[in-house]
2 protein chains.
Amino acid sequence: MPSKPPRPDLAALLTPLLRALVAAELPVLAAHDLTMWGYVVLSALDRSSMRTQAALAEAIGADKTRIIRTLDDLQERGFIERHPDPDDRRVRLLAITAAGRAVKDAAQAEIQRGEEHRLAALSAEERRVFLRVLMQLTHGETGGG
Amino acid sequence: MPSKPPRPDLAALLTPLLRALVAAELPVLAAHDLTMWGYVVLSALDRSSMRTQAALAEAIGADKTRIIRTLDDLQERGFIERHPDPDDRRVRLLAITAAGRAVKDAAQAEIQRGEEHRLAALSAEERRVFLRVLMQLTHGETGGG
DNA sequence: TATTGTTATACTCTATAACTATA
DNA sequence: TATAGTTATAGAGTATAACAATA
């Protein structure tokens with residue numbers, strides 16, 4: 001007879017946790033008038049400016065056609081700048097603005113406060129190992145802002 | 001000026017990892033002629049039989065209307081049994097069959113072999129803490145097979 | 001001709017509502 | 001009348017394909 005696996009599948013463990021984390025994020029983002037994609041874009045551009053929209057899309061694991069409305073909206077509200085590159089007028093240079101960084105930082109602070117509530121159940125050692133391993137396993141995977 | 005957060009958001013860490021895990025699972029499931037929902041249903045019924053389809057749907061975080069086609073398919077292939085309850089002929093008693101367990105175990109073994117490849121980068125201590133914390137954080141969240 | 005960004009279209013997935021049968 | 005399951009419809013989200021501008 002086949003032996004029972006000693007642990008659940010990783011995806012089966014991660015799915016409900018991620019679902020709960022996203023559900024907790026959405027009201028916070030809504031309070032800051034941000035969509036999840038808007039927040040992901042701001043977070044990515046806060047890490048680094050981008051030379052093309054396609055590069056940004058790939059960096060966050062999205063389709064290039066999918067983020068256009070998001071970029072339009074963020075630009076209209078002054079959260080990002082989108083300038084044609086003088087050297088190649090096909091491409092759009094993307095950067096976050098001070099206002100964009102402010103709204104992103106405010107939302108993120110509130111999100112992480114909620115996360116800290118969950119992590120409070122862990123010991124300092126558990127927390128340290130968990131976050132380190134998570135970053136290690138995630139590192140190298142594509143996309144995901 | 002606002003201070004930078006000392007860590008990424010948890011959802012931002014989990015998303016690319018889960019995406020990669022699912023992407024790795026799909027070809028394995030396809031090779032066993034299973035959809036992700038089919039696999040999730042078999043895994044749930046392997047843990048415990050269910051008295052109603054609604055209960056199963058809630059257990060895996062799905063809509064009750066969403067799993068009907070999946071149940072039809074699994075039943076046709078002899079992977080689950082679905083009997084009207086004699087005490088209340090509205091409800092369907094759900095249970096996995098030996099054949100269903102076999103295909104689920106085979107797919108799961110292959111999936112976890114792939115996962116072990118990822119986890120191989122961890123020390124025994126890291127692995128132990130990571131999995132324990134993951135189960136602890138996931139525990140209490142609803143759904144997710 | 002190849003590439004960036006954009007728009008238009010089609011498709012998949014999911015949720016909502018309406019229906020049948022039991023109770 | 002209320003509930004389990006089912007079916008039908010509609011909506012959201014996403015991907016595919018076609019297009020305009022630039023190189």
Side-chain angles (χ1 to χ4, degrees), chain A residues 11 15-16 18-20 22-23 25-27 29-30 34-41 44-45 49-76 80-95 142-145, chain B residues 11 15-16 18-19 22-23 25-26 29-30 34-41 44-45 49-76 80-95 142-145:
Chain A
T15 297
L18 179 59
R19 213 179 266 170
V22 169
E25 277 195 26
L26 287 178
L29 294 176
L34 288 175
T35 65
M36 183 61 81
W37 282 116
Y39 180 64
V40 168
V41 165
L45 291 180
S49 295
M50 294 275 174
R51 207 183 90 81
T52 72
Q53 296 182 185
L56 170 62
E58 195 196 339
I60 63 177
D63 192 279
K64 66 170 180 171
T65 67
R66 204 156 73 182
I67 60 172
I68 291 181
R69 283 307 179 85
T70 299
L71 295 178
D72 290 345
D73 175 65
L74 293 175
Q75 184 180 19
E76 275 171 28
I80 65 169
E81 287 180 343
R82 183 156 58 151
H83 297 298
D85 182 348
D87 293 347
D88 181 346
R89 303 227 315 274
R90 291 176 304 182
V91 316
R92 305 272 178 275
L93 305 173
L94 301 171
T142 188
Chain B
T15 297
L18 179 59
R19 213 179 265 168
V22 169
E25 277 194 27
L26 288 177
L29 295 176
L34 288 174
T35 65
M36 182 61 81
W37 283 116
Y39 179 66
V40 168
V41 164
L45 290 180
S49 296
M50 294 273 175
R51 207 181 90 82
T52 72
Q53 296 181 185
L56 171 62
E58 195 195 340
I60 63 178
D63 192 280
K64 66 170 182 171
T65 68
R66 204 157 70 182
I67 61 173
I68 291 180
R69 284 306 181 85
T70 300
L71 295 177
D72 290 346
D73 175 66
L74 293 175
Q75 183 180 18
E76 275 170 28
I80 65 170
E81 289 181 340
R82 184 157 56 153
H83 297 300
D85 183 348
D87 293 347
D88 182 345
R89 305 226 315 276
R90 291 175 304 181
V91 315
R92 305 273 178 276
L93 304 174
L94 302 171
T142 190

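Letters go in sequence order (proteins before strands), and every chain restarts at 1.
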Side-chain heavy-atom pair B:R82, B:L93 within 4.5 angstrom cut-off: no

Minimum side-chain heavy-atom gap A:T35-A:D73 below 4.5 Å: no

Residues forming a side chain to side chain contact (heavy atoms under 4.5 Å, CB included) with A:A55, sequence neighbours excluded: A:M50, A:T52

More than 12 heavy atoms from other groups under 6.0 Å of CZ on A:R66: yes

Residues from residues 81-94 of chain B lying under 4.0 Å of DNA chain D - heavy atoms: B:R82, B:R90, B:V91, B:R92

Spacing of B:L94 atom CG and B:I67 atom CD1 [to the nearest 0.5 Å]: 7.5 Å

Chain A footprint on DNA chain C, 5' to 3' - any atom under 4.0 Å from a heavy atom: C:dA2 to C:dT7

Check: B:L74 and B:L45 side chains under 4.5 Å, non-hydrogen atoms: no

From CZ (A:R92) to NE2 (A:H83), nearest 0.5 Å: 11.5 Å

Rounded distance in Å - CG (B:D63) to C1' (D:dT6): 12 Å

Atom-to-atom span, CZ of A:R69 to P of D:dG13 - whole angstrom: 13 Å

Nearest-nucleotide 5' precedence on DNA chain D, A:R66 against B:A55: B:A55

Euclidean distance, atom NZ of residue A:K64 to atom C1' of D:dT14 [Å, nearest integer]: 15 Å

Rounded distance [0.5 Å steps], OG1 in A:T70 versus CD1 in A:I60: 7.5 Å

Rounded interatomic separation in angstrom, taking CG from B:L71 and C1' from D:dG5: 11 Å

Rounded distance in Å - CD1 (A:I68) to C1' (D:dA21): 14 Å

